[in-house]
Asker: 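Below are the structure tokens for one structure; questions will follow.
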Protein chains: 2
Amino acid sequence: MATSTPRSAEAGPVTADAARDAWGLIWKLFLEDKPRRFAILSELGLSMQQAMALGHLEPGTPVPMSALAEAMHCDNSNITGIVDRLEAAGLAERRPGERDRRVKAVILTPKGEKTKVEVQRRAGSPPPRLAAMPLEDALALREILARAVGLNR
Amino acid sequence: MATSTPRSAEAGPVTADAARDAWGLIWKLFLEDKPRRFAILSELGLSMQQAMALGHLEPGTPVPMSALAEAMHCDNSNITGIVDRLEAAGLAERRPGERDRRVKAVILTPKGEKTKVEVQRRAGSPPPRLAAMPLEDALALREILARAVGLNR
DNA sequence: TATTGTTATACTCTATAACTATA
DNA sequence: TATAGTTATAGAGTATAACAATA
């Protein structure tokens with residue numbers, strides 16, 4: 001039985017159930033969208049992790065390997081390989097740190113900058129189910145997610 | 001130029017932008033939640049794909065390898081390895097098909113059934129950001145996603 | 001001939017641990 | 001000593017192609 005007086009600002013069992021269901025639907029959306037993601041990245045010649053690395057690099061801003069590892073929630077030793085492959089593809093370059101010569105920073109090449117834009121445009125597009133939403137749903141969805149994810153950090 | 005009369009049931013540019021933003025926020029939620037997922041599955045001794053395979057198996061219902069591959073949107077040859085490891089962990093078993101002896105079906109062991117429940121309970125729990133949502137947001141989120149994902153197939 | 005699952009192959013991603021070069 | 005990045009290692013996931021058994 002749900003609590004009889006669920007106040008709206010409180011995370012009670014009803015909220016937990018709704019949030020759990022919502023999370024399940026998000027997973028379903030993700031799984032269902034897998035082939036589309038694969039096709040897009042395949043055309044761009046990128047792996048998922050390479051695309052994510054591009055997403056964390058801003059044009060003209062060198063990012064230390066360790067910062068990239070932290071942003072991607074993976075081990076330092078992973079980033080070595082991922083950046084190796086970005087470098088081999090001509091999308092990024094390593095440059096030695098200026099103040100501390102232990103750090104190596106990654107920076108986008110011009111080709112990498114173009115590819116990043118393309119990734120954002122294509123791989124960033126929502127799956128058909130979301131793109132087809134009625135306007136009011138799309139607006140509400142964005143607002144709710146922004147409230148949950150964005151500001152209250 | 002955007003149409004001057006965007007009706008609500010129509011997917012115009014405004015909807016597309018909102019949907020794109022929402023999709024980006026969902027990705028952010030996913031990435032941010034990666035360490036938590038990792039920790040949970042790690043405690044259960046499962047990989048992501050193994051957990052997903054368990055999610056597609058129902059107690060007492062044998063599922064052909066190829067059906068599992070289709071459900072997980074990956075190649076048949078992948079499933080061989082994933083089921084090998086589930087089998088090695090004592091969570092699932094292969095049984096030969098009855099009508100067509102080419103097919104092999106996967107079925108949960110009793111231990112697999114218990115593990116599946118645990119996976120659903122723990123790995124299915126929403127990330128803190130969603131669990132902390134106000135009730136009205138959680139309900140609205142579920143409803144919008146259900147509309148988008150669930151019924152209109 | 002066609003299909004189901006496996007095997008062989010090659011590659012990416014993954015963490016851990018050992019190593020290097022700096023600091 | 002401590003830290004940043006690499007290398008070594010081992011293992012999981014991935015697709016493709018070739019193969020076996022069965023249809």
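Side chains are part of it too, since the values below use all heavy atoms of this structure and drop only hydrogens, waters and symmetry mates. Labels below follow one simple rule: chain letters A, B, ... track the order of the sequence lines, proteins then strands, and each chain is numbered from 1.
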Asker: With distance as the sole criterion, do the side chain of B:Arg101 and the base of D:dT22 form a donor-acceptor contact below 3.5 Å?
Answerer: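 Under the 3.5 Å cut-off, the side chain and the base do not form any donor-acceptor pair.
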
Asker: Send over the distance from A:Asp75 CG to C:dA18 C1', rounded to a whole Å.
Answerer: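 After rounding, the reported distance stands at 13 Å.
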
Asker: Does B:Ser77 make a side-chain donor-acceptor contact with the base of D:dT16, cut-off 3.5 Å?
Answerer: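 Yes, the side chain and the base share a sub-3.5 Å donor-acceptor pair.
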
Asker: Kindly assign one of parallel, tilted or perpendicular to the pair B:Trp27 and B:Phe30, based on the angle between their ring planes and the thresholds 30° and 60°.
Answerer: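 Plane angle between 30° and 60°, so tilted.
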
Asker: Got more than 12 heavy atoms from elsewhere within 6.0 Å of CZ, B:Arg36?
Answerer: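 Counting other residues, nucleotides and ligands, CZ of B:Arg36 exceeds 12 neighbours.
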
Asker: Using whole Å, what does the distance between atom C1' of nucleotide D:dA15 and atom CG of A:Leu46 come to?
Answerer: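 That distance rounds to 17 Å.
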
Asker: Can you work out whether A:Arg94 or B:Arg102 has the more 5'-proximal nearest nucleotide on DNA chain D?
Answerer: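 This one resolves to A:Arg94.
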
Asker: Using a heavy-atom cut-off of 4.0 Å across all strands, would you classify B:Asn78 as base, sugar-phosphate, or nothing?
Answerer: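 Counting heavy atoms under 4.0 Å across all strands, the contact made by B:Asn78 includes a base.
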
Asker: Counting side-chain heavy atoms from CB outward, which of D:dG5, C:dG5, D:dG13 is closest to A:Pro64?
Answerer: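 The nucleotide sitting nearest to the side chain is D:dG5.
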
Asker: Categorize B:Asp100 for me: base, sugar-phosphate, or nothing, with a 4.0 angstrom heavy-atom threshold over every strand shown.
Answerer: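 It contacts sugar-phosphate atoms only.
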
Asker: Assuming nearest nucleotide by heavy-atom distance, tell me which of A:Arg99 and A:Gln49 is located more 5' along DNA chain C.
Answerer: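 Nearest nucleotide further toward 5': that of A:Gln49.
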
Asker: If you only use heavy atoms from C-beta on, which nucleotide in D:dG13, D:dA4, C:dC13 is closest to the side chain of A:Arg85?
Answerer: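 Selected nucleotide: C:dC13.
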
Asker: Whole-Å distance between D:dG11 P and B:Leu41 CG?
Answerer: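 Interatomic distance, CG of B:Leu41 to P of D:dG11: 20 Å.
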
Asker: B:Met65 and B:Arg94: side-chain contact (heavy atoms from CB on, under 4.5 Å), yes or no, with the steps?
Answerer: CA-CA 9 Å; B:Met65 302 287 282; B:Arg94 268 174 254 237; 3.4 Å; yes

Asker: To the nearest Å, how far apart are A:Asp84 CG and C:dC11 C1'?
Answerer: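 Rounding to the nearest Å, CG of A:Asp84 and C1' of C:dC11 are 14 Å apart.
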
Asker: Considering only C:dA15, C:dT22, D:dG5, which nucleotide approaches the side chain of A:Cys74 most closely?
Answerer: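 That would be C:dA15.
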
Asker: Take atom CG of A:Asn76 and atom C1' of C:dA18, then tell me their distance rounded to the nearest Å.
Answerer: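 Value for this atom pair: 15 Å.
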
Asker: Are any of A:Lys34's side-chain N or O atoms less than 4.0 Å away from OP1 or OP2 of D:dG13?
Answerer: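 Negative; the distance criterion is not met.
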
Asker: Here's a test for you: under side chain to side chain contact (heavy atoms under 4.5 Å, CB included), which of B:Gln120, B:Arg122, B:Lys116, B:Lys114 qualifies with B:Glu118?
Answerer: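 Filter result, single survivor: B:Arg122.
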
Asker: D:dT7 base to A:Thr80 side chain: any donor-acceptor pair below 3.5 Å?
Answerer: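 No, no donor-acceptor pair under 3.5 Å.
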
Asker: Between atom NZ in A:Lys104 and atom C1' in D:dA4, what is the gap in whole Å?
Answerer: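 It works out to 9 Å between those atoms.
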
Asker: Please report the distance, rounded to the nearest Å, between CD in A:Glu70 and P in D:dA4.
Answerer: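 Rounding to the nearest Å, CD of A:Glu70 and P of D:dA4 are 10 Å apart.
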
Asker: Where do B:Leu68 and B:Ile82 land on the side-chain contact (heavy atoms from CB on, under 4.5 Å) test, with the steps shown first?
Answerer: CA-CA 10 Å; B:Leu68 202 47; B:Ile82 293 170; over 6 Å; no

Asker: Rounded to the nearest Å, what distance is computed from the CG atom of residue B:Leu68 to the C1' atom of nucleotide C:dT4?
Answerer: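 In whole Å, C:dT4 C1' and B:Leu68 CG are 14 Å from each other.
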
